[in-house]
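Take a look at the structure below.
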Amino acid sequence: MGHPFPLREIARQAGLSEATVDRVLNGRGGVRESTAQEVHRAIADLDRQRTQVRLVGRTFMADIVVQAPERFTTAVRAALEAELPSLHPAVVRSRFHFRETGPAAGLVTLLDRIARRGSQGVVLKAPDVPEITAAVGRLTAAGIPVVTLVTDLPASGRIAYVGIDNRAAGATAAHLVGQWLGDRPGNVLTSLSSGFYRNEEEREMGFRGIMRARHPDRALVEIAEGQGLDATQYDLVRAALDKDPEIRAVYSIGGGNIATLRAFAELGRECVVFIAHDLDHDNTRLLREHRLSAVLHHDLRHDLREACHEVMRFHGALPPAGPLAPSAIQVVTPYNMPTPPAG
């Protein structure tokens, strides 16, 4: 395939040796298909980033490691690449490592590979489990700063967390559900993608605390481990609705909202109030169609900008700053949806 990039730049972007990249580009064989795909992805990343930044001056290579459904990783990639032109005084180049689900061991292997290969920073969204915490410790011991994104690993050696105050987000959701249900009867379904993500756990605690204090007569029905994927989410929601005919509201902490609404529709059940998180493609469409009541949103571009700034501060490219404030929580309804950026 034709491209204008030196072999060394492609190898650096892919995190592979120049010899391996050379074998892929010249079709010499002896390379796994997954490795060849990494080379082609690296060229595509370089091509996108070349149109947005001048690859001159001091350059930082950051690894973006995210375990989340594709709709969220797509938003992460778009948000970071939109921010690249404004990340002065240095230039940040990015390597993306995305997967939807899987055991922690896979992420540990990846983080250890980054530690051995080298990086100037890792932006990480991962479950809060001891194996991941230990892997972050090995990155920091190798002199690689780690910034957690959206969900924190507070016991690790990460240098910063960027994202919202998740307890406050859960409390906000409880306030909205309580107000909009009013005096109508009905129980509330709370849906987590996994119990191992600290952000989801904190949202659930904030939600449950306010509901118990303000609306103690409403039962809360929890489902978890759908991984935010529609295929698994549907079965969990369908089972919960079959078991509890009084569920009339949803607080979706972990996603899979198309599947949740399909389960309600197929049973002929009304979802009176539905609060979700993040204006990804799915939720934007559902909100426009008035199938969601509100989305609790935060500016992902702001989060990724702050994450890059923290990496740059670690390396002395920016002056020190105090602790980061949480990102603002925006309550978005069908009537105040943000205007999409031009282009």
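Position 1 is the first residue of the sequence, and the numbers go up from there. Treat the numbers as computed from the prediction; the structure is a model and nothing was measured.
Leu80 pairs in a side chain to side chain contact (heavy atoms under 4.5 Å, CB included) with only one of the listed residues (Ile64, Val92, Asp303), which is Ile64.
Residues that satisfy the salt bridge (Lys or Arg N to Asp or Glu O under 4.0 Å) test with Arg99, not counting sequence neighbours, are absent from this structure. A search for salt bridge (Lys or Arg N to Asp or Glu O under 4.0 Å) contacts involving Asp242 returns Arg238, not counting sequence neighbours. Legend: residues meeting side-chain contact (heavy atoms from CB on, under 4.5 Å) with Leu220, ordered by chain and number and at least two apart, are Val188, Phe207, Arg208, Met211. The side chain to side chain donor-acceptor pair (under 3.5 Å) search around Asp299 returns none, not counting sequence neighbours.
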Would you tabulate the side-chain donor-acceptor contacts of residues 249-259 under 3.5 Å, counting partners in other chains and residues two or more places apart, or write 'none'?
unit_1: Tyr251; atom_1: OH; unit_2: His277; atom_2: NE2; d: 2.8
unit_1: Ser252; atom_1: OG; unit_2: Gly255; atom_2: N; d: 3.3
unit_1: Ser252; atom_1: OG; unit_2: Asn257; atom_2: OD1; d: 2.5
unit_1: Asn257; atom_1: ND2; unit_2: Asn283; atom_2: OD1; d: 2.8

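Within a 6.0 Å sphere centred on CZ of Phe98, other residues, nucleotides and ligands contribute more than 12 heavy atoms.
Salt bridge status for Arg95 with Asp63: present, with a side-chain N to carboxylate O gap under 4.0 Å. Between Arg313 and Glu310 there is a salt bridge, since a side-chain N of the basic residue sits under 4.0 Å from a carboxylate O of the acidic one. Remark: Glu201 does not engage Arg203 in a salt bridge, criterion side-chain N to carboxylate O under 4.0 Å. Looking at Asp230 and Arg262, no side-chain N of the basic residue comes within less than 4.0 Å of a carboxylate O on the acidic one, giving no salt bridge.
Of the N and O atoms on the side chains of Glu70 and Thr73, not one donor lies less than 3.5 Å from an acceptor on the other residue. If you check the side chains of Gln233 and Ser191, you find a donor sitting under 3.5 Å from an acceptor.
Residue pairs meeting the ring-ring contact (aromatic ring centres under 6.0 Å, His included) criterion with at least one partner in residues 279-301, sequence neighbours excluded, are His290-Tyr335.
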